[in-house]
Chemist: 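I am attaching a structure below and will ask some questions about it afterwards.
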Amino acid sequence: MRQALMRGLGAAVAAASLPLAMAQTEDPVAADFDKFRAIMEEANPAELFDAKGEQLWKTPGGPKKASLEKCDLGLGPGVVKGAYAQMPRYFADVDRVMDAEARIVHCMITLQGFKYEDLAKKPFSSATATPDPVSITTYVAANSAGMKFAPPQSHPKEKAAYAAGKEVFFYRAGAFDFSCASCHGVDGQRIRTQPLPNFTKPEQAIRAVQGWPGYRMTGGVMHTLQWRLNDCYRQQRFPEPGYTSEMLSALLTYLTVNAQGQEYKGPGIKR
Amino acid sequence: MQQTRRSVIKAGGALGLLALAGTALLKPGRAHAAWNQSAFEAKSAIDAMKALGMGNAEESKDIVIRAPDIAENGAVVPIDVTSNIPGTTSISVFIEKNPFPYTGTFDFAAGSVPFVHLRAKMGETSPVRVVVAAGGKHYTTAKEVKVTIGGCGG
Amino acid sequence: MADPMKIRATVEGDVTDVRVLMAHPMETGQRSQGGKKVPLHFIQNITAQLNGKTVFSADISQAISRNPVFAFKVKGAKAGDKITVIWKDNKGESRTDETTVRGGS
Amino acid sequence: MKIGTAVILAAATAILAACAALQSSPRDEALALMQRDFHAQGIAGMDRLKEDPVQAACNKYNDNPPADLAKKLQGEQYAGVKWPADGKLLGDWKSGEKIAQNGRGMAWSDKGGVGGSCYNCHQIDPATTAFGTIGPSLSQFAKLRGYGTDIQRYAYSKIYNAKAYSICSQMPRFGHAGALTEQQMKDITALLMDPASPVNR
């Protein structure tokens with residue numbers, strides 16, 4: 001029964017290339033997943049990391065014993081509200097485009113005296129430890145909940161980042177000849193049981209950035225988009241991308257600009 | 001302290017239960033006795049229910065379990081339980097196929113709403129059994145939750 | 001020391017909806033890390049009080065998910081009342097946090 | 001995808017016109033960023049970023065290279081298929097099912113090739129319900145196409161190198177890339193071709 005439905009769904013999607021949202025309501029299993037995920041988001045453990053991140057933002061720390069309250073996330077020093085939804089953006093002080101976590105790490109280095117090498121050594125959450133930039137990014141992201149994604153595209157470097165990010169997205173290489181588009185460039189496909197949104201289409205591109213940072217049920221850990229892209233490249237059979245690198249900021253610029261104008265719901269729950 | 005406590009738990013038996021009973025006395029207003037080690041260590045739901053004195057629970061349609069038919073991820077399965085049985089004092093949850101099925105008992109003050117939302121780990125597809133205590137009697141129902149591997153292996 | 005809980009208590013009419021998030025690893029004793037079994041470490045008892053009087057309590061096992069979430073309903077609370085939640089784990093650690101009941105939207 | 005790239009090319013041309021030769025193309029910029037910002041990890045070396053002739057053609061022409069180029073490259077890819085020395089193409093379908101289900105291999109977290117990831121994209125044994133839809137369903141594979149040696153050779157060589165048949169196929173080249181051993185490819189071929197395999201029942 002379920003199989004027949006799924007096969008029917010596959011055929012329908014292939015034939016008409018329906019938008020994913022519509023395809024999902026036709027799949028009772030996916031609809032059930034969505035329903036219970038919504039229930040779980042009403043009390044999301046991500047809030048614990050948001051609270052921790054707020055404390056880390058406001059409390060003096062690092063070798064320089066400074067807080068991050070002078071950190072400029074693009075809307076002026078210390079302005080957190082709405083900043084996440086308006087990144088990646090160009091920052092004149094570093095003359096490059098930065099995504100939220102890249103900027104937070106930059107502030108931890110310049111304001112608090114941390115070393116990039118130390119922060120990049122183990123940048124992702126494990127069962128036993130959540131790196132500070134992850135909690136801080138969750139806090140910053142939570143302060144854009146309910147706002148529309150509006151990453152600026154006025155500076156030439158912001159436009160260049162979008163264009164380069166698009167090239168990166170479609171670049172096929174590696175042991176399996178994959179690009180990001182191999183999984184995320186076509187409508188209505190699944191990898192195993194997971195629906196694959198088409199990030200090249202505005203109405204689906206939101207799914208690249210929605211729900212991140214996310215509390216991942218697997219392992220019960222908090223992850224940001226930096227982790228998500230890192231793990232994509234692992235599964236793409238590529239070498240490893242540098243943590244908070246300009247290349248990832250460019251890719252995030254491409255993905256976020258594609259989702260422009262759509263509402264960010266704040267930190268989410270992921271599988 | 002930690003080491004002592006853990007070895008007490010490992011040792012189990014009368015001494016362990018005594019020690020646990022001791023800590024329970026420190027908690028004001030607990031509706032029932034100490035953390036029931038023999039129930040929590042039981043390998044089957046029925047043994048756990050017996051250890052809790054719920055072995056003779058009768059089937060009831062007045063208990064509502066809301067849980068997914070298929071869990072997206074067995075590590076976090078959301079379960080809502082509502083009891084419509086008057087005078088409900090506690091709700092107990094058993095995940096029958098887990099290595100230790102007894103998952104917990106939730107006690108309610110007199111006159112409160114007998115509802116609880118929890119999230120549990122499920123190792124495999126299993127009935128989720130609920131036992132409600134009301135007016136000195138026990139009532140039960142169950143709902144099956146499927147747990148699949150899913151996802152890509154990469 | 002354990003991180004603070006997040007507690008939300010919202011009153012609508014006579015019923016207060018309480019949601020609690022707890023930061024705890026809830027180790028089952030079955031997981032391995034670096035070739036070694038991580039020892040059993042989980043919350044065993046939860047108590048919730050309304051203005052100091054116990055209204056909800058629970059005994060739980062290691063089968064409750066990591067970073068536990070519970071929701072329950074309390075009767076007779078008004079906006080401004082105090083909800084306190086206490087957890088204790090099998091290593092003897094505990095944590096107490098409180099919040100103020102807020103009016104519904 | 002094609003229209004998007006046309007736009008990008010147009011934009012790139014416009015930028016070039018505006019800024020003379022000072023501005024590099026988005027592709028050059030992307031390549032420079034990737035070269036600088038990726039690093040080798042485990043078995044995944046920086047050599048993986050370098051396009052081979054097939055990847056280069058697919059990247060350059062957005063997965064739709066001119067017919068003569070596609071034909072030439074496909075011929076080269078087919079010529080590179082290494083056939084089993086013993087002439088046997090069918091292994092054990094039961095082992096093939098396990099390999100097909102295993103989605104690991106060739107990532108920096110792996111030690112080398114492991115599984116075939118087949119179910120990530122294809123329906124195969126109808127009893128295995130967790131399957132992807134990126135590739136076509138392969139259930140009834142031989143029942144529909146026949147059990148003869150020609151179809152066996154097609155199945156084996158398609159697994160070995162999908163680009164021998166469709167130059168910009170999204171399917172990895174498992175034999176060519178060293179992701180599966182000869183025996184593993186025989187076992188998967190058996191999963192598709194063996195009359196006793198659940199695929200053909």
Side-chain angles (χ1 to χ4, degrees), chain A residues 33 35-59 61 121-122 124-139 141-143 145-146 211 213-224 227 266-271, chain C residues 1-10 12 16-43 46 48 56 58 60 62-74 83 85 87 89 91 93 95 97-99 102 104-105:
Chain A
F33 285 179
K35 186 179 92 188
F36 281 94
R37 201 183 279 189
I39 288 169
M40 286 200 271
E41 279 176 352
E42 286 169 20
N44 184 348
E47 292 175 42
L48 296 165
F49 300 92
D50 167 8
K52 178 103 183 169
E54 179 173 15
Q55 186 202 334
L56 287 164
W57 178 270
K58 292 177 175 169
T59 312
K121 209 174 280 167
K122 277 195 163 181
F124 307 125
S125 302
S126 70
T128 45
T130 305
D132 290 348
V134 171
S135 299
I136 297 166
T137 305
T138 306
Y139 161 65
N143 275 280
Y215 180 75
R216 203 158 182 255
M217 293 186 248
T218 304
V221 288
M222 196 70 209
H223 280 311
T224 64
W227 173 85
I269 283 191
K270 296 286 181 179
R271 185 173 198 280
Chain C
M1 205 188 72
D3 284 330
M5 284 177 249
K6 285 274 285 188
I7 311 167
R8 205 160 51 219
T10 318
E12 271 225 60
T16 301
D17 186 26
V18 184
R19 287 150 205 256
V20 191
L21 301 163
M22 303 169 180
H24 201 284
M26 299 300 284
E27 293 289 354
T28 58
Q30 305 298 310
R31 198 173 65 84
S32 290
Q33 193 163 295
K36 277 195 303 193
K37 280 264 168 79
V38 181
L40 199 60
H41 184 203
F42 65 104
I43 293 173
I46 298 153
F56 173 88
I60 60 168
Q62 64 273 27
I64 295 296
S65 304
R66 181 186 295 272
N67 296 318
V69 177
F70 294 100
F72 50 91
K73 295 174 195 294
V74 171
I83 296 275
V85 181
W87 63 248
D89 73 17
K91 289 187 178 177
E93 268 179 78
R95 170 102 218 165
D97 291 283
E98 60 180 39
T99 195
R102 289 180 309 184
S105 47

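Convention: sequence-line order gives letters A, B, ...; per-chain numbering from 1.
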Chemist: Looking at CD1 of Ile83(C) and CZ of Phe72(C), how far apart are the two atoms once the value is rounded to the nearest 0.5 Å?
Modeler: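 Reported value, rounded in 0.5 Å steps: 6.5 Å.
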Chemist: Taking atom NZ of Lys91(C) and atom CG of Leu40(C), what is their separation to the nearest 0.5 Å?
Modeler: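 One gets 9.0 Å once the value is rounded to the nearest 0.5 Å.
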Chemist: Given 3.5 Å as the limit, does a donor-acceptor pair link the side chain of Asn67(C) with the main chain of Pro45(A), or not?
Modeler: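 A pair under 3.5 Å: no.
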Chemist: Are there residues of residues 124-135 of chain A whose heavy atoms fall under 4.5 Å of chain C's heavy atoms? If so, which?
Modeler: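 Listed by number: Ala127(A), Thr128(A).
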Chemist: Please state whether the side chain, the backbone, both or neither of Pro68(C) comes within less than 4.5 Å of a heavy atom of chain A.
Modeler: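 It is neither, since no heavy atom gets under 4.5 Å.
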Chemist: Does some side-chain heavy atom of Lys6(C) sit less than 4.5 Å from a side-chain heavy atom of Arg19(C)?
Modeler: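 No, every pair of side-chain atoms sits at 4.5 Å or beyond.
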Chemist: Do the non-hydrogen side-chain atoms of His24(C) and Ile64(C) ever get within less than 4.5 Å of each other?
Modeler: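 With C-beta onward as the side chain, the pair stays apart.
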Chemist: Does anything in residues 213-222 of chain A reach chain C? List residues with heavy atoms under 4.5 Å apart, or say none.
Modeler: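 The residues closer than 4.5 Å to chain C, in numerical order, are Tyr215(A), Gly219(A), Gly220(A).
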Chemist: Is chain C contacted by the side chain of Glu42(A), its backbone, both, or neither, given a heavy-atom distance below 4.5 Å?
Modeler: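 Contact with chain C involves both backbone and side-chain atoms of Glu42(A).
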Chemist: Quick one: pull up CG in Asn44(A) and NZ in Lys270(A) and give me the separation to the nearest 0.5 Å.
Modeler: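 Answer rounded to 0.5 Å: 11.0 Å.
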Chemist: With a 4.5 angstrom heavy-atom cut-off, could you sort out which part of Met22(C) is near chain A: side chain, backbone, both or neither?
Modeler: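 Met22(C) touches chain A through backbone heavy atoms alone.
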Chemist: Side chain to side chain contact (heavy atoms under 4.5 Å, CB included), that's the test. Do Val69(C) and Leu21(C) meet it? Break it down for me.
Modeler: CA-CA 5 Å; Val69(C) 177; Leu21(C) 301 163; 3.3 Å; yes
Chemist: Work out which heavy atom in Lys58(A) is nearest to a heavy atom in Tyr139(A); give both atom names and the distance.
Modeler: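 It is CE-OH, 4.0 Å.
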